[in-house]
Amino acid sequence: MPISNAKRILLKLSGEVLMGEQEFGIDPAFVSELAGEVKQARDAGWEICLVIGGGNIFRGMAGAAQGMDRAQADYMGMLATVMNALAMQSALEQLGVPTRVQSAVQMDQVCEPVIRRRAERHLEKGRIVIFAAGVGAPYFTTDSGAALRAAEMRCDALFKGTSVDGVYDSDPKKNADAKRYDSVTYDKVLADNLKVMDASAVALCRDNNIPIVVFSIREKGNLARVLAGQGAQTIVRND
Ligand code: UDP
């Protein structure tokens, strides 16, 4: 079922999808393919705010698990998201799509700071705005960053493109009988601790009534299908 009347979306891509078939880092050919799909969506008339994770390069939790200071490791994770944002900006601009990167950690030589009114203007002019560095604070993730930007930019929905095609009642990689939900409420996601996004991101979407559409970005052409309300996906919302 498509999200009716949606015009402006927040598209969140996990960092790991930028790896393509690699084990780590950025595969420029795959980023270019992804950029092509994002361009197609923009050409179809969607206003797009983009948030990209950093898990292909560095995750704070992983650093902390190996003995690093958690906050310090999280700042490294945020810097990883800036690298991914720049890679996506470059790929989009090679396809002729105007973009701006706004980072929650100020980096004047590299990109703009997050300024909501300026981001609004960019969208009006047909630019894609890539929000980097999550919420700009440790102990958060880019999912929370995505939920926050979706709320403040008044996006109609948050599309989370990841490596699984929706929300399951148990881990589909471990349980062959796992069932995918077509639609599930925020409260069920939180109560059953379903792995969609971290709880703070889900709660922020719930409180601001922003539907979350979880889908696989690994399949070619899937973004267009999902935006049209087709293909495998799970919608998280209130009813
Ligand atoms: N991060 C953070 N605050 C934020 C956003 C990100 O501290 O607001 C750090 C955190 O360490 C996280 C890393 O950046 O693990 C990379 O982001 P994330 O894990 O969300 O990336 P994804 O899983 O989407 O690739």
Side-chain angles (χ1 to χ4, degrees), residues 3 5-15 17-18 26 31-56 77-137 140-162 197 201 204-205 208 210-213 215 217 223-224 226-227:
I3 301 288
N5 302 325
K7 178 169 184 257
R8 178 178 295 180
I9 60 161
L10 186 303
L11 176 62
K12 155 83 208 286
L13 301 178
S14 312
V17 300
L18 271 58
I26 298 170
V31 177
S32 178
E33 255 180 52
L34 281 176
E37 297 215 15
V38 176
K39 175 186 187 324
Q40 209 187 340
R42 172 200 167 261
D43 292 348
W46 299 90
E47 288 182 354
I48 300 175
C49 301
L50 201 57
V51 167
I52 307 175
N56 54 321
M78 282 183 247
L79 297 181
T81 73
V82 179
M83 291 171 65
N84 284 339
L86 295 180
M88 180 54 81
Q89 175 172 47
S90 164
L92 282 166
E93 297 206 332
Q94 278 172 357
L95 298 176
V97 181
T99 62
R100 293 291 185 272
V101 174
Q102 293 200 345
S103 170
V105 171
Q106 216 159 315
M107 243 180 263
D108 294 346
Q109 283 81 357
V110 175
C111 56
E112 296 179 0
V114 177
I115 299 175
R116 187 175 69 86
R117 284 166 177 277
R118 194 187 268 188
E120 193 66 50
R121 190 85 186 105
H122 293 323
L123 292 173
E124 276 168 21
K125 289 186 171 174
R127 296 173 183 145
I128 289 178
V129 183
I130 308 172
F131 291 101
V135 304
F140 284 94
T141 65
T142 49
D143 283 346
S144 296
L148 172 65
R149 301 303 166 214
E152 70 171 339
M153 297 309 294
R154 295 187 305 273
C155 293
D156 300 303
L158 193 167
F159 284 76
K160 174 163 167 146
T162 181
M197 294 185 129
L204 195 57
C205 287
N208 292 285
I210 301 166
I212 306 168
V213 182
F215 69 102
I217 190 78
L223 177 60
V226 168
L227 285 172

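What you see below is based on every heavy atom in this structure, not just the backbone, and it leaves out hydrogens, waters and symmetry mates. Keep in mind the model is a prediction, meaning the values are calculated, not measured.
Taking the charged nitrogens against the carboxylate oxygens, R8 and E120 do have a contact shorter than 4.0 Å, which makes a salt bridge. D143 has a carboxylate O that lies under 4.0 Å from a charged side-chain N of K12, or vice versa, which qualifies the two as a salt bridge.
Heavy atoms from other residues, nucleotides or ligands lying under 6.0 Å from CD of E112 number more than 12.
Here the CG atom belonging to D156 is positioned 8.5 Å from the NZ atom belonging to K7, to the nearest 0.5 angstrom. The structure places CG of L10 at 13.5 Å from CZ of R154, a figure rounded to the nearest 0.5 Å. Between atom OG1 of residue T99 and atom NZ of residue K39 there is a gap of 13.0 Å, rounded to the nearest 0.5 Å. Distance check: R127 CZ to L92 CG gives 14.0 Å after rounding to the nearest 0.5 Å.
Nearest heavy-atom pair, I210 versus A150, reported as atom, atom and distance to 0.1 Å: CD1-C, 3.9 Å. Among all heavy-atom pairs drawn from M88 and V31, the shortest one is CA-CG1, 4.0 Å. In terms of heavy atoms, L223 sits closest to A41 at CD2-CB, 4.1 Å. Annotation for S103 and V82: closest pair OG-CG2, 4.0 Å, computed over non-hydrogen atoms. For the pair A201 and A147, the tightest heavy-atom approach, listed with the atom from each and the gap, is O-CB, 3.6 Å. Listed here is the closest heavy atom pair of R149 and G134: NH2-O, 3.3 Å.
A distance-only check finds no donor-acceptor pair linking the side chain of E37 to the backbone of A224 [under 3.5 Å]. The main-chain N or O of A119 is never found under 3.5 Å from a side-chain atom of R100 such that the two would form a donor-acceptor pair.
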